[in-house]
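Keep in mind that this is a model prediction, so the values were computed, not measured.
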Amino acid sequence: MAGRSNVVGLSILAVALSVVMVLSFRYISTLVVHIFVTLLMFGLLFVTGVLWWLYCDHIYDVSYELENEKENAKFLLGFSIISTVISILIFIAIFLMRKRIEMTIQLFQVTSSFISHIPFLLLQPLWTFLILLFYWILWVAVLLSMGTSGSAQVSSDGQVDYKPLAGIRYMWWYHLFGLVWTSEFFLTCQQIVISGATVTWYLHRDKKKVQHPILSSMSLLFWYHLGTATIGSLLLMLVKIPQIILMNLSKLLRKRDNACTRCTKQCCFSCLWSYGKWLRCLNQNAYTATVINGTSLCTSAREAQALMEKSPPSVALLKSSGVFLIFLGKVFVVCFTVFGGLMAFNYHRELHVWVIPLLLVAFFAYLVAHSFLCLFETVVHSLLMCYAIDMETNDGSSEKPYFMDQELMTLIHQSSSDPETVKARPVQNGEDGTELRPIARAD
């Protein structure tokens, strides 16, 4: 509570930076991308350097013998190491993806052109953020109540400590799990609404007859797909947590080499492979297929994955490049928000373990950036999924013309190593399970 003004100010900064990133992607160009990537690289270097400097400043300070200062220094050391590793990995990824920047820019220009036909899509992240903001305020209020629950005890130096009641410490983990799951649920609802509007527009021959695609998509969400959003967000949580546990377990087993540990490692790798297959299916394409066909989440995920595997490799490369650029936008928001937090909290040394509020601000900044930039990520996934369905059900003839416009077709053909293969792709009839078809969408 003592640092609430700083937390509120940093949250507003995260919102402002997210809006700037949305406008940058909306009016994207080669110059904008180069400026953005350059600022991001300098920002990562600067934040990493400041973190190491603050760590050295803490350990050589005269007040380092205090227990609170040792806790701050410990957290700063962890932040510094994590920031260094992330910066190195991002620099390597930027270097490897540098040759696909032009194609990625063209992809976002096509996406921006599509969003211009449904301009109210730009307001969807705002409504989602307001709902998330209300929930986060409620979550923090409950967190503070849990932190001060129990019997108050006054120490000899005049400080008040709270002895927690039985079971309260375990409720913290439940509270944290609820934060991530509920936030993912709201974000999944936003993805379904944007996917529905994208599918409605794409799978109509006469675009002028499309009326209120966002309201139509919202009605579909509330009437048919709330369970899909709940189960989808929960499955992602339940799948990712065992994956993290298995990865840490496999790292621990590497230190010992005997028959038992080798067998356990093989079991861990097998489970990780299975979880990897699940995670590949449970993505945005599953929600798009659910909106189109009205099938269950698992059925839609399996069919969407099978359909995307039939698409040209250039489609997967385009999607991965676009998702990576959006991820850099999220890192940009978090990076400069954390930098502002370092400057704000470092001058409030009277706060006990001030790194904890900074960690909370960094988490909220990522969720805010994800909420805003998820618009472009969802539209990219939905457009490429609709393209795969279009190629699956149509052949470009006068009897079965494509739904896609010329701009998207040109982009796919330019990014493909063999454009003729894309143009002359044989028509499939959905022999692998239920056919993905635009029910009640196409004219």
Verdict with reasoning, Phe36 to Leu328, per side-chain contact (heavy atoms from CB on, under 4.5 Å): CA-CA 9 Å; Phe36 154 64; Leu328 290 183; 3.7 Å; yes

Any Arg302 side-chain heavy atom under 4.5 Å of Thr299 side chain: yes

Exam field: side chain Ser217 to backbone Pro213, donor-acceptor pair closer than 3.5 Å: no

Audit row: Leu45, Ser87, side-chain contact (heavy atoms from CB on, under 4.5 Å) steps and yes/no: CA-CA 7 Å; Leu45 289 174; Ser87 300; 5.7 Å; no

Non-hydrogen side-chain atoms of Tyr224 and Thr290 separated by less than 4.5 Å: no

Ile194 and Leu375, any side-chain heavy atoms less than 4.5 Å apart: yes

Heavy-atom neighbours of His175 NE2 exceed 12 at 6.0 Å: yes

Val333 versus Leu17, closest heavy-atom pair with distance: O-CD1, 3.8 Å

Minimum side-chain heavy-atom gap Leu318-Thr104 below 4.5 Å: no

Exercise: identify the closest heavy-atom pair between Leu179 and Tyr135: CA-OH, 3.3 Å

Flag side-chain contact, heavy atom, 4.5 Å: Ser112 against Phe376: yes

Closest approach of Trp181 to Leu234 (non-hydrogen atoms, all atoms of both residues): NE1-N, 3.4 Å

Donor-acceptor pair between Ser83 and Thr48 side chains, under 3.5 angstrom: yes

Matching residue for Trp139 among Leu143, Val142, Ile137 - test: side chain to side chain contact (heavy atoms under 4.5 Å, CB included): Leu143

Distance-minimising heavy-atom pair for Phe372 and Val15: CZ-CG1, 4.3 Å

Leu121 versus Ile214, closest heavy-atom pair with distance: N-CD1, 3.7 Å

Short side-chain to backbone donor-acceptor contact, Ser233 and Thr230, under 3.5 Å: yes

Aromatic ring pairing Phe364/Trp136, orientation class (parallel under 30°, perpendicular over 60°, tilted between): parallel

N/O donor-acceptor pair under 3.5 Å between Gln190 side chain and Ser371 backbone: yes

Leu383 side, atom CG; Phe114 side, atom CZ - distance, nearest 0.5 Å: 5.5 Å

Between Ser216 and Thr200: side-chain donor-acceptor atoms closer than 3.5 Å: no

Ring geometry between His370 and Tyr366 (parallel below 30°, tilted from 30 to 60°, perpendicular above 60°): parallel

Geometric class of the Trp201/His117 ring pair [parallel <30°, tilted 30-60°, perpendicular >60°]: parallel

Ser113 backbone acceptor or donor facing Ser116 side chain under 3.5 Å: yes

Spacing of Phe332 atom CZ and Leu40 atom CG [to the nearest 0.5 Å]: 7.5 Å

Atom pair CD1/CZ of Ile326 and Phe25 - distance to nearest 0.5 Å: 6.0 Å

Atom pair CG (Leu367) and NZ (Lys330), whose distance is rounded to the nearest 0.5 Å: 10.0 Å

Gap separating the OG1 atom of Thr198 from the CD atom of Gln191, nearest 0.5 angstrom: 11.5 Å

Between CG on residue Leu13 and CZ on residue Phe339, distance to nearest 0.5 Å: 10.5 Å

Derivation and outcome, side-chain contact (heavy atoms from CB on, under 4.5 Å), residues Thr337 and Val361: CA-CA 8 Å; Thr337 303; Val361 165; 3.8 Å; yes

Atom CZ of Phe91 with >12 non-hydrogen neighbours under 6.0 angstrom: yes

Closest heavy-atom pair and its distance - Leu107, Gly322: CD2-CA, 4.3 Å

Validation row: Ile105, Leu325 side chains within 4.5 angstrom (heavy atoms): no

Verdict with supporting geometry, Leu373 and Ser18, side-chain contact (heavy atoms from CB on, under 4.5 Å): CA-CA 7 Å; Leu373 297 180; Ser18 300; 5.9 Å; no

Any donor-acceptor pair under 3.5 Å from Ser195 side chain to Thr288 backbone: no

Over 12 foreign heavy atoms within 6.0 Å of CE, Met218: yes

